[in-house]
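First the structure, in the form of structure tokens, and then the observations on it.
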Amino acid sequence: MARKASLTMGKGCALALAAALSLLAACSQAPSAQHPPEPGDQAVAKVNGQVIWASDVKREAVAEGQIAPGDPLDPSSDLFRQVLDEVIDTKVLAGEALSRHLDKDPPAQRRLAAARDRALEDVMVDSVVSKAVNQQAVGALYQEFLKNRTPSEVIHLHQIVFANVTDAEAAKKQLAGGAAAGTAFEAMAMEKSVDNVTRFKGGDLGEMTTDTLPQPLAEAVKDVKPGQLAGPVKVDAGWALLRVDDRHPEPPPSLEQVRPQLIRFITYDQIKDLVLTLRSHAKIQNLLPPPPEVPGAPTEPASAPPPGAMNAVPAGMLPRGTNAVIP
């Protein structure tokens, strides 16, 4: 049975670039391309004798954002088969474009040259980032993060929300003297609280960090010890009587939790330095007229990067196809 084409309307733009890159590969394919490009690579399809490898499919999945760089992609999975179909579509279209000599058209040659530049950009970035992103660099950045981190505080609160401050003050007097630490607070919350979100949980607000509390609540519980009451405090639903159940410093995130952010930071830093260095050594002539001056606009310092320099750094920190992963 003929394979059902997997083309979709939303994939048109992505296929245009992928087809251009495939054209480049088809034009310069050597016999060695029939051998695994990576150790342990697996041939998963052939299109007119041209082998598609598992690594080709994985690279396409990363480029589409289906998986993150370094994530596994099982050849038996539905996602792998879906992306494989897309790679096959690209190969078929690229082959037909070659047979029609569309690659000889001057606009097509410009697009191919642009695709080649983008591919070389990714190869260059990969070569720099792969050397910079390693266990030692990530570990050193994590230690710096811990050193400069300002920890917040985790606090566990219960509340009873009253319609007016008089009822809240009366309840506070009733609960004073140790009753707040027992079940009396929860029972009163279920009976009298006007906040239906927490009422049937005995007023339990759960754990949160103090820096996320609304300012009035944060001020009210600032120096309150566990087991003590705070308030009443004006809230949207009325007046809240609060009980502090526990408070302790927020533990730092583990290295594994922040590893993706650390890798992105190192990658971004390396790309930024590389781009700025290359631009400083290149002979660049911007032929556009300077932008009009805006009255009262702040003046950039002399140490600021040249205009447009940071536009060369990918907005998402990781450029297309970058495989910055810790082994």
Side-chain angles (χ1 to χ4, degrees), residues 38 40 54-55 57-80 82-83 122 125-159 197-198 201 204-215 217-219 221-226 242-275 310 313-327:
E38 298 178 6
S55 59
V57 178
K58 184 175 179 180
R59 188 180 301 109
E60 177 67 14
V62 171
E64 292 180 6
Q66 300 278 13
I67 61 173
D71 283 355
L73 182 58
D74 188 348
S76 65
S77 67
D78 290 339
L79 176 60
F80 186 95
Q82 172 191 325
V83 179
D122 289 344
V125 168
D126 278 347
S127 69
V128 173
V129 170
S130 61
K131 296 176 183 177
V133 180
N134 53 59
Q135 292 285 10
Q136 184 177 359
V138 172
L141 187 58
Y142 178 66
Q143 292 303 318
E144 184 179 349
F145 160 74
L146 293 178
K147 180 180 177 181
N148 297 324
R149 173 178 173 268
T150 302
S152 184
E153 184 182 32
V154 177
I155 191 168
H156 187 180
L157 296 172
H158 274 69
Q159 72 168 3
V197 176
T198 60
K201 298 187 294 183
D204 192 2
L205 286 170
E207 285 192 342
M208 63 204 77
T209 55
T210 52
D211 58 354
T212 63
L213 287 173
Q215 188 62 29
L217 268 64
E219 287 294 329
V221 301
K222 184 176 180 181
D223 298 314
V224 180
K225 297 178 180 179
L242 303 167
R243 186 185 72 191
V244 176
D245 296 300
D246 181 44
R247 60 192 316 160
H248 57 269
E250 182 184 20
S254 68
L255 173 59
E256 290 306 314
Q257 287 175 311
V258 297
R259 184 186 295 274
Q261 293 93 322
L262 298 176
I263 291 175
R264 283 197 297 270
F265 182 88
I266 296 172
T267 301
Y268 175 83
D269 200 47
Q270 289 294 314
I271 298 172
K272 179 192 69 175
D273 290 346
L274 174 64
V275 170
M310 294 316 297
V313 179
M317 296 188 186
L318 290 174
R320 299 173 301 275
T322 298
N323 296 317
V325 245
I326 298 293

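Heavy-atom minimum distance, Q159 versus L242: CB-CD2, 3.7 Å. Listed here is the closest heavy atom pair of Q261 and Q257: OE1-O, 3.5 Å. Nearest heavy-atom pair, K58 versus P72, reported as atom, atom and distance to 0.1 Å: NZ-CA, 4.4 Å. Closest approach of Y142 and L262 over heavy atoms only: CB-CD1, 3.8 Å. In this structure, L73 and A61 approach most closely via the heavy-atom pair CD2-CB, 3.9 Å. Counting all heavy atoms, side chain and backbone alike, L146 lies closest to P252 at CD2-CB, 3.7 Å.
Of the residues listed (V154, L217, I155), the one engaging T210 in a side chain to side chain contact (heavy atoms under 4.5 Å, CB included) is I155, and it is the only one.
H248 is not listed as a side-chain neighbour of P226, based on a closest heavy-atom distance of 4.5 Å or more. Residues D273 and V128 form no side-chain contact, since every pair of their non-hydrogen atoms from C-beta on lies 4.5 Å or further apart.
How far NE2 of H156 is from CZ of R243: 8.0 Å, rounded to the nearest 0.5 Å. How far CD1 of I263 is from CG of L141: 10.5 Å, rounded to the nearest 0.5 Å. Annotation: the span from D269 atom CG to L274 atom CG amounts to 11.5 Å, rounded to 0.5 Å. In this structure, CE on M208 lies 11.5 Å from OG on S152, to the nearest 0.5 angstrom.
With sequence neighbours excluded, no residue satisfies salt bridge (Lys or Arg N to Asp or Glu O under 4.0 Å) with E207. With sequence neighbours left out, the salt bridge (Lys or Arg N to Asp or Glu O under 4.0 Å) criterion links E38 to no other residue.
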Audit row: R259, E256, salt bridge (Lys or Arg N to Asp or Glu O under 4.0 Å) steps and yes/no: CA-CA 5 Å; R259 184 186 295 274; E256 290 306 314; 2.4 Å; yes
Check against side chain to side chain contact (heavy atoms under 4.5 Å, CB included), L157 and L213: CA-CA 11 Å; L157 296 172; L213 287 173; 4.1 Å; yes
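When atom types are taken as modelled, the side chain of R247 and the backbone of V224 share a donor-acceptor pair closer than 3.5 angstrom.
By the 6.0 Å contact criterion, CG on D78 is open, its count of non-hydrogen atoms from other residues, nucleotides or ligands being 12 or less.
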